[in-house]
Amino acid sequence: MRENGSGSGRHALRGQLLSYRADPFRHPVAECLMHETDGVIVIEAGRIASVGPASEILPALAENVPVTHYQNALITPGLIDCHVHYPQTEIIGAYGKQLIDWLKQYAFVAEQKFGNKEYAREVARAFLRESLRCGTTTSAVFCTVDPVSVDAFFEESRKLDMRNLAGKVLMDRNAPEALLDSVQSGYDQTRELIARWHGNGRSLYCVTPRFAPTSTPEQMEMAGAVWKEHPGTYLQSHVSETRKEIEWVKALYPGRKGYLDVYQHYGQLGERSILGHGTYLTEEEFQLLHDTGTAIAHCPTSNLFLGSGLFRIGQAVDSRRPVRVGLATDLGAGTNFSQLVTMNEAYKVAQLNDYSLSAHHAYYLATRGAAHALYLDDTIGSIEAGMEADLAVHDLSATPLLDYRLRYARNLDEVLFVLMTLGDDRSTCATYVAGKRVYASGREESPAYFSDSLRPRCQ
Ligand code: GUN
Ligand code: ZN
């Protein structure tokens, strides 16, 4: 049998393949690119067993190994979202406010519902379904201050065997009473959640002080300490997103040199620390991020929607002191689950800073570059033997316009650029998690989960 398989045994995908072996911000694109117009990925036990041109792989493949052939499609690594708030799914597109007022009027209101585990589970399911519909297989996720919001998220993520990162928000000031913890309860709950979830299946725990203004210095100290007490865990927060917020941080932490210095002072910078935004970082701060190995999650749709500012990607990746940068949606301030849409907006933000982000650089930021930002580039983010088999299949004729426009694309660079300009959730043909097809397009009536038996449009 050579058709239509994607069960848990050895199986293979055939089609056009795209992946990156190295960082195109640091090396010529041609040296970084893996592109096969007709390639095969052999998958076994959730990992990529081998990959190469069909002409080489197929003759060596046992006759009984099923091969799923995707036509007029592009198979990439599963897309990675480096910063997102699942409890804010219900407030995407909330009108009229900038960051601080938007938090008060919308985010803090929605987040108060997540003490109810069944509600949290329902939102987590909707969030994961939408992520998979967009080909996103890994996200670094903010839950809420309530530990059950974390349990609900990881329980749903675990059912799908996804490699997700998440954590309980720490907040002990400047938020509604119902959303506050304390230094001690934040510490105890974080430790319990780490014990329960970090390394449980593919789950990874993120210590999550929301941002400097909503934690007291004592809680900031605790967050840095609990992170250090648990090597291998992550830390996530926000930095320098808006000008007003930077002024607020100066007033709250008068002894510190600047916003990033607050995180440095409390031991929150280093490998596996991911800070969202960084819109107004100074050159000195970029240097500190580089020196400590701290990553920035670039959130273009959010920065545009809230009117926060324009992240300077060109400056961030300066080869003299490159900072690890991954692409992120930052929903619900961000406006779209699709990393293709996010790449499109990243291009426009860069253009406004006189920097043209090529398609290769953009796809890298949502795949291997994001994995590098998360210190997971030996595990996910590329199509290579030994990597976990998280993959996205993009339909190159998903819409009449995409189909029409691509007839005029003269080379791969143009195909990729048009896909990120016109693509969105509709262009995801199938999504694989740990080698299993968990989403297939074209069958809207079907459950998004475990849709192995469905035949997607472009197959
Ligand atoms: N800063 C602190 N919390 C948040 C949040 O939920 N969203 C965004 N965009 N910025 C934040
Ligand atoms: Zn955020």
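Atoms within each ligand, like the ligands themselves, are counted from 1 in listed order. None of the values given here were measured: they were computed from a predicted structure.
Checked by atom type and distance alone, the side chain of Ser131 pairs as donor or acceptor with a backbone atom of Phe127 at under 3.5 Å. In this structure, the side chain of Tyr259 does not engage the main chain of Leu281 through any donor-acceptor pair within 3.5 Å. The backbone N or O of Tyr439 lies less than 3.5 Å from no partner atom in the side chain of Thr431, so there is not a single donor-acceptor pair.
For the pair Asp146 and Lys117, the salt-bridge criterion is not met [side-chain N within less than 4.0 Å of a carboxylate O]. Ion pair Glu111/Arg210 flagged as a salt bridge, since at least one NZ, NE, NH1 or NH2 atom sits closer than 4.0 Å to an Asp/Glu carboxylate oxygen.
Distances below 4.0 Å separate heavy atoms of His85 from the following atoms of ligand 1: 5 (C), 6 (O), 7 (N). Annotation for ligand 1: atoms under 4.0 Å from non-hydrogen atoms of Ala333 are 9 (N). Atoms of ligand 1 lying under 4.0 Å from any heavy atom of Leu99, numbered from 1 in the order shown and given with element: 8 (C), 10 (N), 11 (C).
Contacts between Thr214 and ligand 1 below 4.0 angstrom, taking non-hydrogen atoms only, are absent altogether.
Note on Asp330: its N/O/S atom closest to the Zn ion (ligand 2) is OD1.
Tyr355 and Gln351 are not linked by any side-chain donor-acceptor pair at a separation below 3.5 angstrom, with hydrogens and angles left out of the test. Checked by atom type, the side-chain pair His35/Gln16 shows a donor-acceptor distance below 3.5 Å.
Using 4.0 Å as the threshold, His277 has a heavy atom nearer than that to some atom of ligand 1. The shell of residues lying under 4.0 angstrom from ligand 1, judged by heavy atoms, excludes Phe142.
Not a single N/O/S atom of Glu241, whether from backbone or side chain, sits less than 2.8 Å from the Zn ion (ligand 2). Distances from the Zn ion (ligand 2) show that His83 has an N/O/S atom below 2.8 Å. Residue His238: an N/O/S atom is found under 2.8 Å from the Zn ion (ligand 2).
Between His238 and His277, the two ring planes are parallel [angle under 30°; tilted spans 30° to 60°].
At under 3.5 Å, not a single nitrogen or oxygen of Trp102, backbone or side chain, sits near a nitrogen or oxygen of ligand 1. Residue Glu245 places no N or O, backbone or side chain, under 3.5 Å from any N or O of ligand 1.
Ranking protein heavy atoms by distance to atom 3 (N) of ligand 1, first place goes to Arg210 NE, 2.8 Å. The protein atom (non-hydrogen) at minimum distance from atom 10 (N) of ligand 1 is Glu241 OE1, 2.7 Å. Looking at atom 9 (N) of ligand 1, its nearest protein heavy atom turns out to be Asp330 OD2, 2.7 Å.
A cation-pi arrangement is absent between Arg368 and Tyr363, since the terminal nitrogen or guanidinium carbon is not both under 6.0 Å from the aromatic centre and inside a 45° cone about the axis. Note that Arg173 lies in the cation-pi zone of Tyr253, set by a 6.0 Å cut-off to the ring centre and a 45° limit from the axis.
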